[in-house]
Amino acid sequence: MKVGVYLCECGSNIAGTVDLEKVAESVKDLPNVEVSRIYKYKCSEPGQELIKEDIDEFNLDRIVVAACSPRMHEPTFRTVLEDKGLNPYLLEMVNIREQCSWVHKDVEKGTEKAAALVKGAVLKSAAIKPLGRKKVGVTSKALVIGGGIAGIQAALDIANTGYEVVLVEKDSTIGGKMAQLDKTFPTLDCSACILSPKMVEVSRHPNITLLANSEVTEVDGFIGNFKVKIRRNPRYVIEDKCTLCDDCVPVCPVIVHHEFNEKLAPRRAIYISYPQAIPASYIIDPKTCLGIEPLVCSKCKDVCEPEAIDFDMQPEIMEEEFGAIVVATGFDTYPIENLGEYGYGSIHDVVSGLEFERLISAGGPTEGVIRRPSDGKVPKTIVFIHCAGSRDPAKHLPHCSRICCMYSTKHALMFKQLDPDALAINFYIDIRTGGKDYEEFYQRAAEEENVMFIRGKVSELIQDVDKILVRGVNTLTAESVELHADLVVLATGMVPSEGTKEISKILKLSTDIIGFVREAHPKLKPVETAITGVFVAGTASGPRDIPDTVSQAGRAAVKACNILAQKELEVEATIAQVDELLCRGCGFCVESCPYGAIELKAIDRYGHSYEIASVNEAVCKGCGSCAAACLNGAINHLGYTDSQILNLIQALSEG
Amino acid sequence: MSYEYIKFGQEEKEFIKKIEEISGQNIYSCYQCGKCSAGCPFSSKMDLTVNQLINHIQMGQKEKVLQANTHWICASCLTCTIRCPREIDVAALMEAVREYILREEPEKVKIADIPKDVLEKLPNIALVGSFRKMTG
């Protein structure tokens, strides 16, 4: 065994606090050490070449590199070993930067610690063994969860690359929140007009299987090989037979709130969400229909000429395998019922931004004429309150939802375009217009359309006969102000949807404090998640607007295709390994594994069946939790086995 | 607590329109960055800063505007006009407010009421500005 030790100065990053000459001196006489060298930037091309030359000259078979965190350059130096025909796992990285020079000021102590760490690695290297990377096959089919604009775009991009996609949507139709919008900022294109062509494309794409009214209930497996259970809830209307004639609707005696219209309009128990809905078929809401167990009413069935109605439909559970998953489960808006000072949602003419969107939509309950929910009168003065519940870590949401400034400005501008004599007042804290052409849109609203902006918050809303007394402040002139409004619109922010919360649990995705899916890296891995092979797009990972959502969906699709395009995948070799003879099947490791990589498996031992732990090598991330939890010492973490770690501890304890 | 009541009736609208007409500026071009007040050499002598005065005009608060001394303190040095990121001729707005007051009240400045020693120190331009009667 011949060890080469390489100490990196990292400019002054390491050399500033660690006397590397002393460290080199201290390792020289350690067992097996053939050569030790200091270099300014070990990660540079000449730095790497130096190791290669030494491997040839001294026949080295263990390399110790004392430099930065292995997260930075372990792959670099492993490649150096591979290039010289050595097993890449015969490398030991010692972190004398993040864990030593950067946290110490005293050169003497820093040097002492660095010397001890390097000594530990040298002794550990005597016990390390070559490891092999396993390969797993890939199912070249993707699952996209959520059929809003993010899911639609991701599904189309994957399908157009040539892979099969299953798109699962919980609602009766795809389209998501974008379908509820009237116009989109800053161009004011009609939302449905730009969305519906994509919806139609999804329904007709030969590579896309659309499962609406369906939910993902269970996910097992790992990158390249996810096993997914999908529950298809009964629609009670046979999609292929329904001709959208609408004969069923007038005869239905059940009238309930219509969710698509934010409950500002009624619908029947049999309904279609909106005319452009995909799949283009009616649906029966089983919670309110009187025809499903027990059959009390069958009026719709009686009038349905194509005989499309089937009250006996049952849920179906499908099981399919996928190579990659895109989570696009979107957002909900913060409930106005939480906002006490704005009436807890009990003042009729105080509505949310999304409700206003339905009120101003030509396809909405008032056919585009803005009418007050209380008395149907057309308002002359509307107050828009920005940051309603946002940027309020004390009581509501800590974050800025990025879209509210723009959508409130859009609402005010559209209202003024309908009635130029009307008064549209925005109360804001800051106007945030961080998007292409957004600032221009805001300036146009103020300058050309006469939309008013008052800097300051509204403290309370009070019902005053048939108007709403708005009490606020103008912080620019330091005046408390009040006025009477006919309608007040609360610009509520984004929270993760129920679907986002559910799927995070099912997929074991890590989330932030609000419940948005956490990205693997906020800047460089914005659509990757903690689970390899699972990607996230759109508002499931945080507030964003439509352009950003569409861009993210495209990236998530590319990342999914990266996996689908491979015949097999290599998995990391530093993973958990069970010693079958020592394992007694207690299951502590199963509980300790955050990735669901260990299960108990029955084996035959001397004619008896025993349950022992079994590690799924493709799922294991090599975190070491199981090895620490195992009472019998039956789990070894390859690359960090007990004997290797004991060598390390011995070196450190000797000082 | 007393609240300033915000209303946009005929009177408010006419006031805003008149100021815009005299100055030739769109009062709603101003997004209240405050750069005019930041660079004004006489800000410290004004009871309302320049942007506050503009904000009151935007809100149609005529009384607040007319009571302020801001536009009288303004020396028309044009620093604000040069620096305004929205290309508003702020000095012209100040002039418009003065003009508006003098049109409403031509006798606002009576030469007889000005003490002789003050009169001697006043620059001509100030007097010309104060006696602009029935013009425009």
Side-chain angles (χ1 to χ4, degrees), chain A residues 380-383 405 409 412-413 416 419-433 438-456 458-462 464 467-486 488, chain B residues 1-17 19-20 23-38 43 46-70 84-90 93 97:
Chain A
K380 284 300 271 187
T381 300
I382 304 184
V383 165
C405 282
T409 303
L413 182 145
K416 285 289 283 182
D419 181 359
D421 289 333
L423 187 57
I425 298 184
N426 288 257
F427 279 91
Y428 69 96
I429 321 180
D430 291 296
I431 294 288
R432 295 182 170 177
T433 54
Y438 287 8
E439 175 66 16
E440 290 82 346
F441 181 80
Y442 154 63
Q443 290 184 7
R444 173 186 150 199
E447 203 170 30
E448 293 172 31
E449 310 284 350
N450 230 334
V451 171
M452 301 286 305
F453 290 89
I454 299 180
R455 191 193 179 282
V458 169
S459 71
E460 59 183 331
L461 299 174
I462 302 157
D464 189 4
K467 288 186 183 271
I468 296 151
L469 180 62
V470 180
R471 284 198 167 143
V473 67
N474 181 346
T475 57
L476 294 171
T477 56
E479 293 167 301
S480 299
V481 296
E482 63 179 15
L483 73 142
H484 281 96
D486 300 315
V488 176
Chain B
M1 184 158 47
S2 69
Y3 287 87
E4 186 69 23
Y5 195 84
I6 302 294
K7 64 176 189 294
F8 280 87
Q10 207 52 38
E11 200 188 339
E12 288 78 13
K13 284 181 185 165
E14 270 171 22
F15 171 65
I16 295 164
K17 202 178 145 202
I19 297 290
E20 289 191 328
S23 64
Q25 307 301 308
N26 181 342
I27 196 76
Y28 294 109
S29 292
C30 170
Y31 59 8
Q32 290 291 322
C33 69
K35 204 174 181 190
C36 48
S37 312
S43 255
M46 294 171 173
D47 50 7
L48 290 177
T49 59
V50 181
N51 69 293
Q52 282 179 326
L53 190 82
I54 294 175
N55 198 214
H56 283 304
I57 304 172
Q58 290 176 323
M59 303 300 294
Q61 291 164 300
K62 184 175 155 183
E63 290 312 312
K64 295 243 170 183
V65 175
L66 301 190
Q67 280 162 19
N69 71 7
T70 311
C84 175
R86 303 284 290 130
E87 283 192 292
I88 302 167
D89 188 343
V90 184
L93 274 175
V97 176

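In what follows, chains are A, B, ... by sequence order, proteins preceding strands, each numbered from 1. Values reported hereafter were calculated over all heavy atoms of this structure, with side chains retained and with hydrogens, waters and symmetry mates removed.
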| note | Here the pair of heavy atoms bringing D421(A) nearest to K13(B) is O-NZ, 3.9 Å

| note | Closest non-hydrogen contact found for S480(A) with S2(B) is CB-O, 4.0 Å

| message | With a 3.5 Å distance limit and no angle check, can you tell me whether E482(A) reaches the backbone of E4(B) through a side-chain donor-acceptor pair? | response | no

| query | Where is the tightest heavy-atom contact between V481(A) and Y3(B), given as atom of each residue plus distance? | reply | O-CD2, 3.4 Å

| What's the spacing between Y31(B) OH and E447(A) CD if we round to 0.5 Å? | 11.0 Å

| remark: The interface call for I454(A) against chain B, heavy-atom contacts under 4.5 Å, is side chain

| task | Would you indicate whether the side-chain heavy atoms of Y28(B) and E448(A) approach each other to under 4.5 Å? | result | no

| request: Could you grab the distance from atom CZ of F453(A) to atom CD of Q58(B), nearest 0.5 Å is fine? | output: 11.0 Å

| task | To the nearest 0.5 Å, tell me how far I6(B) CD1 sits from N474(A) CG. | result | 7.0 Å

| note | So CG of L423(A) and CD of E12(B): to nearest 0.5 Å the spacing works out to 10.5 Å

| Interatomic distance, N55(B) atom CG to T475(A) atom OG1 [nearest 0.5 angstrom] | 8.5 Å

| query | Side-chain contact, heavy-atom cut-off 4.5 Å: M59(B) with M452(A)? | reply | yes

| note | Closest non-hydrogen atoms of Q52(B) and L476(A), given as atom of the first, atom of the second and distance, are NE2-O, 2.9 Å

| request: Give a yes or no on whether E11(B) atom CD has more than 12 heavy-atom contacts from other residues, nucleotides or ligands under 6.0 Å away. | output: no

| field | Sub-4.5 Å side-chain heavy-atom contact between L483(A) and K7(B) | value | no

